[in-house]
Amino acid sequence: MSDYKPSNIEPKWQKFWIENKTFKTDDSDFTKPKYYVLDMFPYPSGQGLHVGHPEGYTATDIIARYKRMNGFNVLHPIGWDAFGLPAEQYAVKTGTHPRITTERNIARFREQLQAIGFSYDWDREVDTTDPDYFKWTQWIFLQLYKQGLAYEAEMPVNWCPELGTVLANEEVIDGKSEVGGFPVERRPMRQWMLKITAYADRLLDDLEEVDWPESIKEMQRNWIGKSEGAEVEFRTSQETYPQPPPRRKGEAEGSSLQVDEKPGYVTVDMKSYVVLLEQSKEYRNNPTEAESVLWEELRGKKIGSKFRRQHPVLNFIPDFVCLTKRLIIEADGSVHDSKEAKKYDQERTEELKKYDFKVLRFSNDDIISNTAKVVSKIKSALNNREDYPRLNLDTPSFGGGQGEVKSEEVKSIRVFTTRPDTLFGATYMVLAPEHPLVDVLTTEEQKHAVEEYKKQAALKSDLDRTDLAKTKTGVFIGAYAVNPVTGKDIPIWIADYVMMNYGTGAIMAVPGHDERDWEFAKKFDLPIVEVVKGGDISKEAYTGDGEIVNSSNQDISIDGLSVSDAKAKITKWLEEQGLGEKSITYKLRDWLFSRQRYWGEPIPVIHVDDEHKAIPEQDLPLTLPEVDKYEPSGTGESPLARIESWLQTTDPETGKPARRETNTMPQWAGSCWYYLRYIDPDYTEGPVNPEKEKYWMPVDLYVGGAEHAVLHLLYARFWHKVLYDIGVVSTKEPFQRLVNQGMILGEMEYTAFKNAEGDYVNATERNDEEEYIAEKLSESGVEKKGNHFVIKGTETNVDARSFKMSKSRGNVINPDDVIEQYGADALRLYEMFMGPLEQVKPWSMQGVDGVYRFLGRVWRMMIDQETGNLNSDVKDIPADKNHLKVLHQTIKKVTEDIEGHRFNTAISAMMIFNNEAIKWESKPVSVLKTFTILLSPFAPHIAEELWAKLGETDSLAYQQWPELDEQYLKSDTKKYAIQVNGKVRGEIEVPSDKAADKDFVLTAAKAEEGVKKYLDDGNLVKEIFVPNRIVNLVVK
RNA sequence: GCCGCUGUGGUGGAAUUGGUAGACACGUUGGACUUAAAAUCCAAUGAGACUUAAACUCUCGUACCGGUUCGAGUCCGGUCAGCGGUACCA
């Protein structure tokens, strides 16, 4: 007996491929066209493969095999994203070194993948936990560090006491840890941050260049969240001068500034500020040549940090200032380098130092003749400086930001708005409860209420905020600001609907044209003014476009303009008045890059004299020491902090004692660049061999789950762009084409429900209050009635749906079981046959059975059941017209469908071929061979076996893909459907050479039996003839 | 709430630029083979009407309502449902 039995053939071919290195990529020949097809980096979990994995992997494998047969040099690698929490937690629990767990899991994954027959080049396997790999992860980190893109900051982080670690936002779900469900609290900690925000614009703009699903691009755009608008200054009202500051020392949050250490006084008052602004305007309008030259180099964040020109800082106007770095650049010999100005500058230098400002001076000559050198000096100065909190420091009239602030100095509040056109409609102002000016501005009478509210708001942020009711809350702080265009006093409130970490932490509230402001104004009875026509602001906020009204004063009017024209005009005016400026804000935050864990890449930094310093590149990799316990240290630091011998080191430059960084990198780090390492995994001179990189990049096709749509892809793009900037890679974007596979759900489940009394109730009539007993029904226990399934023979409808596979539901399908029962080829085929790759679809074991039977039929078409040799009707005879027609139809369909990733219909085309061919009395060997090649990317094992049985001795992995010959598709006749009034009433068959002959076809159509009677009954008023398609006769 | 995607037989799904809706497969039913079962093979299978029966024919039918068109699963407007993302983002 030689029936189709996968277990007889699959292991044999898997062994053959591995032993012969059949799929080893030969990348010595760069003249061949290349194709880089990549699967998303798997995490080798202890559970082994899930049927979701092979879905994408089979798709890429089909493409890889297909491309090889089309003469492409194919790079199709796999590896392991093996650092991460699960192995570490297992280590905490059992004391097993995570390396051991990881190795075991990798071995299992590798075995499972090989049992499905994927054509990976196994010589390129990479593993993020391998020191030869993470050496380069660390190297890339150092490049980021040198570019000033890595910095330390005290950040409020998600601290999970139970896990003893900080979690990323995405690892916190509903205020609990994603792993384990433990409570999470906010706690400020020293953290490494990566400045992805510096790349926000490029990450946004370059999305245009890649061929990705629109939905993914949109998600990335939303995540980056670019908003264009304006920052506007609101002076505080003179009449309602705030009371002396109730501020306590050391209260500043999210800041690395030690508040109590700063004496912090600021001498800017309103008068001098106005003078300053005027001066600065003047200077800006009369720049020296040197200033202009330098400004061209610094503007628009060209060197990574934002510089402002002639921007008042304290009561002093530097030529250029970077506020986040507190770095001031002076061009000596400029307009304001008069004697008085120079003296003025020197006087301020000391004071600036108190605020951690550093001043760099360059001569005008240097700037003009040695621009590059000057710029590089500025760059390195920037890199050596940490990020200072931006809060209000850029507004000198605030005073010293986080420093102790005297009330008299607080003169204005800066807001960010995307709707400067509605400025005339701003009737109140709202600060975030955490806003540093709140304490300063709050009046004595309101102090108690404000403190209460702040306390509540702080608590709230720890709770699950999303679920809280949308009703607005807030407190008036007693102070007023002046609307700069209406001149009216407007009250200042605090409310938790304003977030400290977006924009400036303060808003101008325009209740007429913002839904949140409208709700707030209604609740607290604040005035609502219409400034854009088009809605009814007594009923709801109007946020649409329209004519601007009620928006003029002596100096400016925007009445009558459209929203967008008004935005432009008012913004320009504000800039001229020094009251504001165009501003762009992003939702994207810098990337929190530290984890307090053992099982991750150590961050290659040492701390000397309270300064951080990169370790020399030649000392990489910095490996993990052995530890006795994997629990984090009690302080929240990683277990590395307990290993004194590792922790204490010396600075190789100065010989001073140094302490190693104890934070490790997050799991995203290793997966940010793995696609580069595959190109030359053993390269020792850098992360990637530049010559090979130029040949292989970008990735032509990247397939994976949509769960990585935002973070992984954004982070990887960010790193890639940094590597591009420093010349390591040659492409702006790493992944040219991206496809997201849809999730595979469990089998369809039918569930009936009983109420507490034990009576069946309709599934659709359940409500949230009552409890029900769920009862699982088999498919035969239900039937469809109308739109619902009901319990057979009743009217009681049931719930019919598929669920996400999960252990607890017990609907997980293990690929090993499928392979054991049906074989790897059937698994592959079914994964593809289920439906379109991108779509979510339920699993069905009967479906697997179906494709398995198809493979059996293919087998029996060629192989004699008794002898195991070819069937006697498989003959070496020339193929006739019909054979070739069926074959070439299949070639056409399968080829087009693979190119279009429509694997399900490609398979159905092969089924159609088989259904036809199996009926042929004698079957030409040549036709069957060609069909076997078509089948091979989908079901490679059976294809190799049949290929051998058909008399070939080579593997078919590199056979030429069959070429379509259109001439075989032509037929002698052409069928036409004949419609009368759009309904098909008959069908005619005409000779092919007459098919485009309108008169001939119409005459034949009118003579057709079924059509004739309609023509007799009415008048033919119109004839539609679409050549080779259809005839439609309109009869009245 | 907002953004995006998807709604086609009992089920998974097909259907080029608008041109014969339901390919292919599962399931079901009937039949062949078998002592029997499994496997395999053959046939039927959207719902309904007409007919002794068969053939034929007709009506309805792609979530719902409406529109454009000779013709709509496909295009447009509106509604509903499901899935994914996101959330006081100013």
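Fair warning: this is a prediction, and the values are worked out from it, not measured in the lab.
Residue contacts shown for A:Asn915 are limited to sugar-phosphate atoms, with no base heavy atom under 4.0 Å away. Counting any heavy atom pair closer than 4.0 Å across all strands shown, A:Ile1024 reaches a base atom. Across all strands shown, A:Asn1032 has heavy atoms under 4.0 Å from base atoms, whether or not it also approaches the sugar-phosphate. As judged by a 4.0 angstrom heavy-atom cut-off over every strand, A:Thr417 is placed among residues touching the sugar-phosphate backbone only. Nucleic acid contact for A:Lys587: base, since at least one base atom lies under 4.0 Å from a heavy atom of the residue. Contact annotation for A:Pro836: backbone-only contact, meaning every heavy-atom pair under 4.0 Å involves sugar-phosphate atoms and none involves a base. Across all strands, A:Gly850 comes closer than 4.0 Å only to sugar-phosphate atoms, never to a base (heavy-atom distances). Backbone-only contact: A:Gln839 has heavy atoms under 4.0 Å from sugar-phosphate atoms and none from a base.
B:rU8 and B:rU74: their C1' atoms are spaced 12 Å apart (whole Å). Between B:rC60 and B:rA21, the two C1' atoms lie 14 Å apart (nearest whole Å). Only the P atoms considered, B:rA15 is 14 Å distant from B:rC75, to the nearest whole Å. Distance check on atom P: B:rC80 versus B:rA25 gives 40 Å, rounded to whole Å. The P atoms of B:rG46 and B:rA54 are separated by 16 Å, rounded to the nearest whole Å. A distance of about 26 Å separates the C1' atoms of B:rC42 and B:rA47, rounded to the whole Å. Taking atom P in both B:rA43 and B:rG82, one finds a spacing of 43 Å when rounded to whole Å. A gap of 44 Å separates the P atoms of B:rU20 and B:rA37, to the nearest Å.
Considering only side-chain N and O atoms, A:Arg985 lies nowhere under 4.0 angstrom from the phosphate OP1 or OP2 of B:rU57. Applying the 4.0 Å criterion to OP1 and OP2 of B:rA90, one finds that A:Ser227 has a side-chain N or O inside that range. Taking only side-chain nitrogens and oxygens, A:Lys1022 never comes nearer than 4.0 Å to OP1 or OP2 of B:rG71. Within the structure, a side-chain polar atom (N or O) of A:Arg860 is placed less than 4.0 Å from OP1 or OP2 of B:rC41. When the side-chain nitrogen and oxygen atoms of A:Gln846 are compared with OP1 and OP2 of B:rA25, none of them lie within a distance under 4.0 Å. Note on A:Arg221: every side-chain N or O is 4.0 Å or more away from OP1 and OP2 of B:rG4. Using a 4.0 Å cut-off, no side-chain N or O of A:Asn981 falls inside it from OP1 or OP2 of B:rG71. A close approach under 4.0 Å does not occur between any side-chain nitrogen or oxygen of A:Arg902 and OP1 or OP2 of B:rG13.
Nearest nucleotide to the side chain of A:Phe789, out of B:rC89, B:rU11, B:rC24: B:rU11. Relative to the side chain of A:Lys784, the nucleotides B:rG10, B:rU86, B:rA90 differ in distance, and B:rG10 lies closest. Of the candidate nucleotides B:rG12, B:rU40, B:rC89, B:rG12 has the atom lying nearest to any side-chain atom of A:Pro842. For A:Val1026, taking side-chain heavy atoms from C-beta onward, the closest of the listed nucleotides B:rG19, B:rA90, B:rC70 is B:rG19. Across B:rU11, B:rC3, B:rA25, the shortest atom-to-atom separation from the side chain of A:Met911 is found for B:rA25. Candidate nucleotides B:rC89, B:rG13, B:rG19 were compared by shortest atom distance to the side chain of A:Lys841, and B:rG13 ranks first. When distances are taken from the side chain of A:Thr905 to each of B:rC26, B:rA90, B:rA15, the shortest belongs to B:rA15. Here the side chain of A:Lys983 is nearest to one of B:rC3, B:rC60, B:rG12, namely B:rC60. Of the candidates B:rA21, B:rC89, B:rA25, the closest approach to any side-chain atom of A:Arg589 belongs to B:rC89.
Checked against the 6.0 Å centroid threshold, A:Tyr830 and A:Tyr852 do not count as a close aromatic pair. In summary, the aromatic rings of A:Phe520 and A:Tyr428 are positioned with their centroids under 6.0 Å apart.
Using a 4.0 Å cut-off between charged nitrogen and carboxylate oxygen, A:Glu218 and A:Arg221 count as a salt-bridge pair. Using a cutoff of 4.0 Å between basic side-chain nitrogens and carboxylate oxygens, A:Arg414 and A:Glu581 are scored as salt-bridged. For A:Glu1023 and A:Lys1006, the salt-bridge test passes: some basic side-chain N is under 4.0 Å from an acidic carboxylate O. The pair A:Lys5-A:Asp3 does not count as a salt bridge, with every side-chain nitrogen at least 4.0 angstrom from each carboxylate oxygen.
Nucleotide B:rC88 holds its P atom 17 Å from the NZ atom of A:Lys523, rounded to whole Å. With rounding to whole Å, A:Arg853 atom CZ is found 14 Å from B:rC24 atom C1'.
With a cut-off of 3.5 Å on both pairing distances, B:rG9 has no Watson-Crick or G-U wobble partner at all. Nucleotide B:rG30 has B:rC42 as its partner under the Watson-Crick or G-U criteria, with both atom distances under 3.5 Å. B:rG4 is paired with B:rC83 under the Watson-Crick or G-U wobble criterion, all donor-acceptor distances under 3.5 Å. Shown here, B:rC70 forms a base pair with B:rG19; the pair counts as Watson-Crick or G-U wobble because both key distances fall under 3.5 Å. In this entry B:rC89 has no Watson-Crick or G-U wobble partner, no candidate having both defining distances under 3.5 Å. With a 3.5 Å ceiling on both atom-pair distances, the Watson-Crick or G-U wobble partner of B:rA49 is B:rU57. Searching all strands for a Watson-Crick or G-U wobble partner of B:rG77 with both distances below 3.5 Å returns B:rC65.
Within the 3.5 Å criterion, the main-chain N or O of A:Glu896 finds a donor-acceptor partner in the side chain of A:Arg902. Within the 3.5 Å criterion, the main-chain N or O of A:Thr543 finds no donor-acceptor partner in the side chain of A:Glu515.
Residues A:Glu214 and A:Tyr1014 both approach RNA chain B. Their nearest nucleotides, taken by heavy-atom distance, put A:Glu214 toward the 5′ side. The nearest heavy atom of RNA chain B to A:Asp849 and to A:Val1031 marks one nucleotide each, and the one closer to the 5' end goes with A:Val1031.
Using a 90° window around 0 for the glycosidic torsion, B:rG82 falls outside it and is classed as anti.
Cation-pi geometry between A:Arg516 and A:Tyr497 is not met: the NZ or CZ atom fails to fall both under 6.0 Å from the ring centre and inside 45° of the normal.
Contact annotation: side chain of A:Gln979 to base of B:rG19, donor-acceptor pair present below 3.5 Å.
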